[in-house]
Number of protein chains: 2
Amino acid sequence: MDRKTRLKQSGLSCTRWRYSILKILKDSHLPLTSKDIYKMLPNPKPNLATVYRNLNRLVEKNLVRCVTLGERARYYELIQPDSHKHRIICKTCGQIEAFEPVGCDLKSFEKLIREKFNFKVEEHSLEFFGTCPRCQSLYQQN
Amino acid sequence: MDRKTRLKQSGLSCTRWRYSILKILKDSHLPLTSKDIYKMLPNPKPNLATVYRNLNRLVEKNLVRCVTLGERARYYELIQPDSHKHRIICKTCGQIEAFEPVGCDLKSFEKLIREKFNFKVEEHSLEFFGTCPRCQSLYQQN
DNA sequence: ATGTATTTGCAAATATTTTGCAATCATTTT
DNA sequence: AAAATGATTGCAAAATATTTGCAAATACAT
């Protein structure tokens, strides 16, 4: 489905900036901060407040997810109904890498939670923190 | 090991506030924000900056972990070598609940990551987002 | 008890996100 | 296609969260 239809369906009008922000998120394989997105927007740029307002709107309508990684700021990513990612984050350089969960059996986990806590799981986030190959060799911490 | 020894071992002096902050984190079964901690400190309270500085110091020395849950601010929790928690967070009311991972087989997951990406996993964080029992009945969203 | 390095309080600086309001834009109705 | 209406935008200012410089106070090894 194209972005314009996607927006319409969610009851959001398709404005210039909203559309661009959604495109940027769609094209990024990593979650982005508001600043990242601001920087990637073409000139003439909108006001930063506009970026924030749009992100909030998109999150509210469940088109975008807000994730918070490690000790840094908020990140945003497009919600794609058919795929979700797990992430590995280097504690030394902060680099983030995302990968499709392979053989991730969290479904059964979620079922357990439903049974035990009567909590309805809608999504999960799984991040691994550690040291990336580059930092391992740079700092010999093996 | 008592807190004082723990601090010493990490090369941190045992100051009044550092000690209190560590105690508060130890006694909490949930991660806390800087504000939470500030509020829980006894009168006369230290400066908020002192809380921040201590938290940063404790994180740096790996006595405390900084986690970021959902869309809210930074949370801090004591690192306990022998246990780690997973969390369920209600997207509606923001309530956080922690539980000991039961039959969590992320170890093999971590091994895979090591093999595939040559990334050294040091810790992971797993959170489930959804709707808590109370909000489910309040808002009939089943 | 003393000396030194670390920590603290305070106030001010940064950083991040939100808000009010008038002007502008998107979309529906005519 | 123009008008009407409701949502969105820019701008500046506010709110919130976190960090910093510096002088005074504290921790702790000697």
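Proteins come first, then strands; the chains are lettered A, B, ... in the order of their sequence lines, and each starts at number 1.
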Compare side-chain N and O positions of [X] against OP1 and OP2 of [N] and report whether any pair is under 4.0 Å apart.
| X | N | value |
| --- | --- | --- |
| B:N56 | D:dT18 | no |
| A:N54 | D:dT9 | yes |
| B:T15 | C:dT8 | yes |
| A:S13 | D:dG6 | no |

Can you classify the ring geometry of A:H124 versus B:F128 as parallel (below 30°), tilted (30 to 60°) or perpendicular (above 60°)?
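Rings of A:H124 and B:F128: perpendicular, as their planes differ by over 60°.
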Specify whether A:F109 and B:F99 have parallel, tilted or perpendicular ring planes, treating 30° as the upper limit for parallel and 60° as the lower limit for perpendicular.
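Perpendicular.
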Rounded distance in Å - [atom1] ([X]) to [atom2] ([N]):
| X | N | atom1 | atom2 | answer |
| --- | --- | --- | --- | --- |
| A:Y38 | D:dG10 | OH | P | 9 Å |
| B:L55 | D:dT19 | CG | C1' | 13 Å |
| B:Y52 | C:dT7 | OH | C1' | 18 Å |
| A:R16 | C:dT24 | CZ | C1' | 12 Å |
| A:L58 | C:dT17 | CG | C1' | 16 Å |
| A:L48 | D:dA13 | CG | P | 17 Å |
| A:L7 | C:dA26 | CG | P | 13 Å |
| A:E60 | C:dT18 | CD | P | 12 Å |

Looking only at the side chain of B:K35 (C-beta and beyond, no hydrogens), which of the listed nucleotides C:dT8, D:dA17, D:dA29 gets closest?
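Of all the options, the side chain of B:K35 is nearest to D:dA17.
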Given D:dG10, C:dT17, D:dA27, which nucleotide is nearest the side-chain atoms of A:W17?
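Looking only at side-chain atoms, A:W17 lies closest to D:dG10.
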Kindly say whether, by distance alone, the side chain of A:R53 makes a donor-acceptor pair under 3.5 Å with the base of C:dG20?
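Checked by distance alone, the answer is yes.
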So do B:Y76 and B:R65 actually touch side chain to side chain, heavy atoms under 4.5 Å?
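No - every pair of side-chain heavy atoms lies 4.5 Å or more apart.
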Do B:T131 and A:V121 make a side-chain contact, defined as non-hydrogen atoms from C-beta onward lying under 4.5 Å apart?
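No - every pair of side-chain heavy atoms lies 4.5 Å or more apart.
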Determine the minimum heavy-atom distance between B:L63 and B:S10, stating which atoms define it.
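For B:L63 versus B:S10, the nearest heavy atoms are CD2-OG, 3.5 Å.
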Reading DNA chain D from 5' onward, which residue's closest nucleotide shows up sooner: B:N47 or B:L12?
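Closest to the 5' end, via its nearest nucleotide, is B:N47.
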